[in-house]
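One structure is given below, encoded as structure tokens.
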Number of protein chains: 2
Amino acid sequence: MRLSNLADYAVVMMCQAARHCGGGRISAGELAQETRLPVPTVQKLVSRLTGAGLLRSVRGAGGGLQLARPAAAITLVEIIEAVEGPIALTTCVEGGECPADAECRVRPHWPQVNQAVRGALAGISLAALAREKEIA
Amino acid sequence: MRLSNLADYAVVMMCQAARHCGGGRISAGELAQETRLPVPTVQKLVSRLTGAGLLRSVRGAGGGLQLARPAAAITLVEIIEAVEGPIALTTCVEGGECPADAECRVRPHWPQVNQAVRGALAGISLAALAREKEIA
DNA sequence: TCTAAATCAGACCAATACGTTCCGATTACG
DNA sequence: CGTAATCGGAACGTATTGGTCTGATTTAGA
């Protein structure tokens, strides 16, 4: 039940991008510098985030990144799933196989648990994360 | 955001133990046979679950395992944390270090996210998981 | 039209963590 | 006192992750 480091970094990057959203585009290099993250790592994350439709990139000289949607319309679940793939607590949720096979009496309950976790993460928007020090 | 296999197995084991709870104790070997899990794996899980106070074991000849508490009083969070350790989505939640260090503006929000996930898992009891095919 | 700058996409390598298995120590029943 | 069964820790092999690098594509500016 731990988030991968890349997903953690992706959230930090998106928050930083949200802060620059008013100022137009921001280059990947600047983003790396401001977040203290290695440049190649930022590039890798940008690839996945743009592929998921969360980030919009303008190529060529003078290009850069910007949010594809308003920060309030981007949720934590989307960022995490863009980096880590679909959230599936157990392998059997997505067609995997259990040793217990068909006799597993717990399997019918896993989708319910899965949705509970997804719901908790879907209730948090990027705009809320970018706000400064709101503990409540 | 995936659950480790051991945690998954632990849930299956606990459900099976809950079904035998009325019949008194059950040996680790029987538990392994009924869940189709390797015996050494079951032993390792039993170690952690008893250490966490979820399972009670009687040693010696004719011994076995049984739930330390009623199934309704055991939640999914307890089982997962007994196997995987405390739930911490990010390393910084538990005193770890970020590359972004003190400048990280997202860190104040992580405990809130962490609690949301924990809450989702704490709302599901072992008794609910042991019930047969309740999709709702 | 040409040069230069910056991003995108893919493959590669190292490292950490996970899963599994095995063996010795302890304890209770007969 | 002997037997049986569990508990605890240690070690191995595997797999996923994290991080890096190189080549290809695209655009602005001269």
Side-chain angles (χ1 to χ4, degrees), chain A residues 1-13 17 24-33 35-66 68 80 82-85 88-91 96-99, chain B residues 1-13 17 24-33 35-66 68 80 82-85 88-91 96-99:
Chain A
M1 280 308 295
R2 193 196 298 171
L3 218 54
S4 71
N5 289 347
L6 286 184
D8 186 359
Y9 298 160
V11 174
V12 174
M13 271 179 46
R25 291 180 282 268
I26 179 176
S27 74
E30 283 179 309
L31 208 54
Q33 187 177 355
T35 53
R36 305 280 188 188
L37 259 41
V39 178
T41 299
V42 171
Q43 288 182 348
K44 190 182 194 65
L45 288 173
V46 167
S47 282
R48 300 193 189 182
L49 291 169
T50 54
L54 299 180
L55 232 46
R56 178 160 292 277
S57 68
V58 178
R59 316 228 290 200
L65 294 314
Q66 62 180 9
I80 293 175
V83 176
E84 296 191 348
L89 267 61
T90 58
T91 57
E97 300 169 1
C98 300
Chain B
M1 283 306 295
R2 194 195 298 170
L3 217 55
S4 69
N5 288 348
L6 286 183
D8 186 0
Y9 299 160
V11 173
V12 175
M13 270 179 45
R25 290 181 282 266
I26 179 176
S27 73
E30 283 179 310
L31 207 53
Q33 187 177 357
T35 54
R36 305 281 188 187
L37 260 40
V39 178
T41 298
V42 172
Q43 288 181 347
K44 187 179 196 63
L45 288 173
V46 167
S47 282
R48 300 193 188 181
L49 290 170
T50 53
L54 298 179
L55 232 48
R56 177 160 291 277
S57 68
V58 178
R59 316 228 290 199
L65 293 316
Q66 63 180 9
I80 293 175
V83 176
E84 296 191 349
L89 267 60
T90 59
T91 57
E97 301 170 2
C98 302

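Because the structure is a prediction, the values reported are computed rather than measured. Residue numbers begin at 1 in each chain, while the letters A, B, ... track the order of the sequences. For the numbers below, each heavy atom of this structure counts, side chains included, while hydrogens, waters and symmetry mates do not.
When the P atom of C:dG19 is taken as reference, atom CD of B:Glu84 falls 8 Å away, rounded to whole Å. Distance A:Ile26 CD1 to C:dT7 C1': 14 Å, rounded to the nearest Å. Here D:dG18 presents its C1' atom at 13 Å from CZ of A:Arg2, a figure rounded to the nearest Å. With rounding to whole Å, B:Asn5 atom CG is found 13 Å from C:dA17 atom C1'. Atoms CG (A:Leu6) and P (D:dT20) sit 11 Å apart, rounded to a whole Å. Remark: C1' of C:dA9 and CG of A:Leu49 are 15 Å apart, rounded to the nearest angstrom. The distance between atom CG of A:Leu55 and atom C1' of C:dA6, rounded to the nearest whole Å, is 15 Å. Rounded to whole Å, atom C1' of C:dT20 lies 16 Å from atom CG of B:Asp8.
Dashed line: the shortest gap from a side-chain N or O of A:Ser4 to OP1 or OP2 of D:dG18 is under 4.0 Å. In this structure, B:Tyr9 does not reach the C:dG19 phosphate: none of its side-chain N or O atoms is under 4.0 Å from OP1 or OP2. Distances shown here put a side-chain N or O of B:Ser57 below 4.0 Å from the OP1 or OP2 atom of D:dC7.
The side-chain heavy atoms of B:Leu89 and A:Asp8, taken from C-beta on, include no pair separated by under 4.5 Å. Within the 4.5 Å cutoff, the side chain of A:Met1 has heavy atoms near those of the B:Met1 side chain.
For the atom pair NZ of A:Lys44 and CG of A:Leu37, the computed distance is 14.0 Å after rounding to the nearest 0.5 Å. Atoms CG and CG, on B:Leu49 and B:Leu65 in that order, are 9.0 Å from each other to the nearest 0.5 Å. Distance check: B:Leu31 CG to B:Leu55 CG gives 8.0 Å after rounding to the nearest 0.5 Å.
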Pairwise N/O distances under 3.5 Å, protein to nucleotides 26-30 of chain D:
residue	atom	partner	partner atom	Å
D:dT26	O4'	A:Arg59	NH2	3.4

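Here the side chain of A:Arg48 pairs no donor or acceptor atom with the backbone of A:Ala82 at under 3.5 angstrom.
Taking for each of A:Lys44 and B:Gln43 the nucleotide of DNA chain C with the nearest heavy atom, the 5'-most of the two is the partner of A:Lys44.
By the side chain to side chain donor-acceptor pair (under 3.5 Å) test, B:Ser4 is found to be paired with B:Glu84, residues two or more places apart in sequence or in another chain being considered.
At a threshold of 4.0 angstrom between heavy atoms, the contacts of A:Pro38 are confined to the sugar-phosphate backbone, with no base atom among them.
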